[in-house]
Amino acid sequence: MGSFFLTTAIDYVNSRPHLGTAYEKISADVIARYHRLKGDRTWFLMGNDEHSQNVYKRALEQGKDPLAYCDEMEQVFRDVWGRLDISFDDFIRTTDRRRHFPAVQQMAQACLDRGDIYEGTYEGHYCVGCEEFKPEKDLIDGLCPVHKTRPEWICERNWFFRLSRYQQALLDLYRQQPSFIEPEMRRNEILRFVEGGLDDLSMSRAGQSWGIPLPFDPKSVVYVWFDALINYAAAVGYGWDDAQFREWWPASLHIVGKDITRFHCVIWPAMLMSAGLPLPGQIFGHGWVFFKGERMSKSLGNMVDPLDAARRFGPDPLRLYLTKEVPYGGDGDFTWERFEEKYNADLANNLGNLVNRIAAMTERYRGGRLPAPASGPLTHLAAETTAAYRQAMDRLALHDGVAAAYRLVSGANEFIAETQPWALAKDESQDARLTQVLAEASEAVRIAAVLLSPVMPTASHEIARRMGDSASASWRLDAAASWRTSGDRTVTNSGALWPRLEDKGAIHVSETPAPTPATPSPAAPAPEPVPATAPATAPATAMVEAASAVIPIDDFMKVHLKVARVLEAERVPKSKKLVRLQLDAGEATPRQILAGIAESYEPEALIGRSIVIVANLAPRMMMGMESNGMVLAASPDGGGAIVLDAEPAAPGTRVR
RNA sequence: GCCGGAGUAGCUCAGCCGGUUAGAGCGAGCGUCUCAUAAGCGCUAGGUCGGCGGUUCGAGUCCGCCCUCCGGCACCA
């Protein structure tokens, strides 16, 4: 027994929760409930990440005040979490002025005092022609390799976090505490990443209002990633309630998506070291749950959300599916077909029917009353499966834990088949035997319910009630999962818990083979931090989304699009994606462009085609070759590029 | 291209330090009981353990090469 502080990633509020985010919360909730069951003092934190420019823009697009928009989204999230039975103890928002603001400001100040935050500059060789900073290594004799001109030395003011200082300390941490990062595969990735050296990170943004002002530079706000991570400490008192903070910090476990393990395994511990705070016990990077394509609903044209499973059947079947069918740490897949299959097999046929047959027989043969059972074969099985369950749950092998509980359920069904209580009931000399059989089976099922309670809280409590245990609210694993050899019980027969789903495909419309499964991405500090050494490499996602803002036509006209015919095309050696194209763009000489389309096109197949290019893009060096422009191509999520076709327009034709 | 992980019955996966006829769950087929939600229980499923070669008395389990898939990095703005 001890104290257990568990967190999940805080979520971006620019879209509703989906299966992916739900999966993360459900798995974390199972862990939280398991620890409460063990008797640990448990604190389960969730929250929303709101200081992102995307959120700000989304709000303005909808004509809303950003904060009001976030308030609305909080309700949307809380509503979904409520329907999934997520038992969080606390919910924090990064716009929380009472808790989060002071925490972020205190941590920024602490890092500054430690000498780890410095007013830096994007110092670098800036090539005006390229409009970007050039790393020292790319310069040839101090000149830009593209323009053969001397780049300017430019300084752009900004605040930086001295991440580079923590490389060795982090490596020591990973070595001394191997379980700091799980699963192992993630640890290897992080290890190699850190071994490769760390760059300092820009941690402020100037000239923005949506964010938390730096205490030592109120004109700048804290950059989102720095801001977001601090929520874990902020929630329990950092910066505003020292006593509470000391009580709960450090976190025992951060549950995060595998895409943001780096923030949590590298940057976050470095920040904490800098601020002089203890480090969390473990960071677990879970996998994705994909949603095999659902056909559009005919009437609405909407995707049938897997979360509807919770709406229609209650949260338990979905929770069981996600916990039992997906090995925790790996990726999984949700399909309605499989969901239906598992629902019938695990719930209707196996567990639900078991509860029903025991209750029905007890009612019929014993009027619902049973004494405590003596030890029997199921006693041993219960002890065995409980031990396996604990062992699995303690190492976060949630799927193995559920499997152990289900071995007990199956064992009870086998036991009934062997002992044949209906036959015993016909023989008066077997009276005592029948009583023992029914009591033994009901006790085994009661214990199975205890083990399953973190996964299926509602159903488990109902099963326990039917098996005569109404004290499920105060269960403690040790006592609750022990075989009870004293005390009578009243067994209640209340009908089917999970009616069988009869018609195949009844619960969903129809399924199509989906070439591009929806990729859930539990949000968190998403925009890549800007490495100080290469400021021109801006956060990719942020930039792409920022581009969705409306622009005047004049801006568009600045982009010079035209038709070009492919003269030559060949793979760039040693590159996975690049194709080198020689193009006739109606110009005096052929133009060379490098395009990242090698994964979807054989170079030869492009020769002779008329395509669309951006003609006035600044030249750029890639893989040691110059690229003069860009090939326009559609790039579907998860799919290969589709180059735009301009047949039969002549080379040089303007495209608008 | 570099680094890491994976490729085992229709599906999802287990197989630790190499050793008798390679396992589980689901699905499917057959049989059977009748308390139960046409549920339960039992039996069956004959899978080149990705491919080739090697080490060994013996390899799914170790080594090398190759193929495919998935991650991370580089590169694609």
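Excluded from the calculations below are hydrogen atoms, water molecules and symmetry mates; all remaining heavy atoms, backbone and side chain alike, are included. The chains referred to below are lettered A, B, ... by the order of the sequence lines, with proteins before strands, and numbering in each begins at 1. Only a predicted model underlies this, so the values are computations on that prediction, with no experimental measurement involved.
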- Starting at atom CG of A:Leu578, determine the distance to atom C1' of B:C76, rounded to an integer number of angstrom. 5 Å
- Query: A:Ile358 CD1 to B:A39 P: how many Å, rounded?
  - Reply: 19 Å
- Query: Rounded to whole angstroms, how far apart are CD1 on A:Ile593 and P on B:C76?
  - Reply: 14 Å
- Item | Nearest-Å distance for atom pair CD/P, residues A:Glu341 and B:U37 | 23 Å
- Note on the structure: In Watson-Crick or G-U wobble terms, with both distances under 3.5 Å, the base opposite B:C16 is none
- Message: Under a 4.0 Å threshold between the charged nitrogen and the carboxylate oxygen, would A:Arg489 count as salt-bridged to A:Glu443?
- Response: yes
- Note on the structure: As its Watson-Crick or G-U partner within any shown strand, both distances under 3.5 Å, B:G47 has none
- Message: Return the OH to CG distance between A:Tyr365 and A:Leu434, rounded to the nearest 0.5 Å.
- Response: 7.5 Å
- Message: Using a 6.0 Å cut-off, check whether atom CD of A:Gln177 has over 12 heavy atoms from anything other than its own residue.
- Response: yes
- Item | P-based separation of B:G51 from B:A28 [nearest Å] | 29 Å
- Note on the structure: By nearest-heavy-atom nucleotide on RNA chain B, the more 5' of A:Lys426 and A:Arg186 is A:Lys426
- Query: Counting any heavy atom closer than 4.0 Å, what does A:Pro421 reach on the DNA or RNA strands: base, sugar-phosphate only, or nothing?
  - Reply: nothing
- Message: Is there a side-chain contact between A:Arg262 and the phosphate of B:C73, meaning an N or O under 4.0 Å from OP1 or OP2?
- Response: yes
- Query: In terms of side-chain heavy atoms of A:Glu414, which of B:U34, B:G42, B:G25 is nearest?
  - Reply: B:G42
- No-H, no-angle donor-acceptor pair, A:Asn353 side chain to B:A36 base, under 3.5 Å: yes
- Task: Could you state the atom-to-atom distance from CH2 of A:Trp336 to P of B:C26 in whole Å?
- Result: 22 Å
- Message: Say we look at B:G50 and B:C67: how far apart would their C1' atoms be, to the nearest angstrom?
- Response: 8 Å
- Query: Tell me: CG of A:Asp333 to P of B:C69, nearest whole Å?
  - Reply: 18 Å
- Item | Cationic N near anionic O, under 4.0 Å, A:Arg466 to A:Glu462 | yes
- Watson-Crick or G-U wobble mate for B:G64, both contacts under 3.5 Å: B:C52
- Query: Of all the choices, B:C41, B:U37, B:A36, which nucleotide is nearest to the side chain of A:Ala417 once you look at every atom?
  - Reply: B:C41
- Nearest whole angstrom, please: distance from the C1' of B:C3 to the CZ of A:Arg187. 16 Å
- Could you let me know what B:U32 is paired to, Watson-Crick or G-U wobble, both distances under 3.5 Å, or none if it's on its own? B:G40
- Pairing partner of B:G71, by Watson-Crick or G-U wobble and under 3.5 Å for both distances, is B:C3
- Item | B:C70 versus B:C62 - spacing of their P atoms, nearest Å | 24 Å
- For the pair A:Asp333 and A:Arg338, find out whether any cationic side-chain nitrogen is under 4.0 Å from an anionic carboxylate oxygen. no
- Note on the structure: With the side chain defined as heavy atoms from C-beta on, A:Ala496 is closest, among B:U37, B:G42, B:C35, to B:U37
- Distance in angstrom units between A:Glu195 CD and B:C2 P, rounded: 19 Å
- Run the ring-centre check on A:Phe334 versus A:Tyr23 and record whether the distance is less than 6.0 Å. no
- Task: Select base, sugar-phosphate, or nothing to describe what A:Leu497 touches, counting heavy atoms under 4.0 Å on all strands.
- Result: base
- Picking from B:U37, B:C35, B:G71, the nucleotide nearest the side-chain atoms of A:Tyr365 would be B:C35
- Item | Identity of whatever pairs with B:G25 - Watson-Crick or G-U, under 3.5 angstrom | B:C11
- Query: Taking the same atom, C1', in B:U21 and in B:G5, what whole-Å distance lies between them?
  - Reply: 32 Å
- B:G10 and B:G18, which share atom name P, separated by this distance in whole Å: 29 Å
- A:Asn188 side chain, from C-beta outward: closest of B:U34, B:G4, B:C26: B:G4
- Message: Please determine whether a side-chain nitrogen or oxygen atom of A:Arg338 lies at a distance below 4.0 Å from atom OP1 or OP2 of B:G27.
- Response: no
- With rounding to whole Å, what would you report as the distance between B:U8 and B:G47 at their C1' atoms? 8 Å
- Could you tell me whether A:Ala345 contacts a base, only the sugar-phosphate backbone, or nothing, with contacts defined as non-hydrogen atoms closer than 4.0 Å? sugar-phosphate
- Message: Whether the side chain of A:Thr323 engages the backbone of A:Leu320 through a donor-acceptor N/O pair (distance < 3.5 Å, no angle test) should be reported.
- Response: no
- Within the structure, does a side-chain N or O atom of A:Arg500 lie under 4.0 Å from either OP1 or OP2 of B:A39? yes
- Touch check for A:Ala360, heavy atoms < 4.0 angstrom, all strands: base, sugar-phosphate only, or nothing? sugar-phosphate
- Task: Would you kindly compare A:Asn413 and A:Pro499 by the position of their nearest RNA chain B nucleotide and give the one closer to the 5′ end?
- Result: A:Pro499
- Out of B:C35, B:A39, B:G42, minimum distance to the side chain of A:Arg364 belongs to B:C35
- Message: Can you confirm whether the side chains of A:Asn413 and A:Arg357 place a donor and an acceptor under 3.5 Å from each other?
- Response: yes
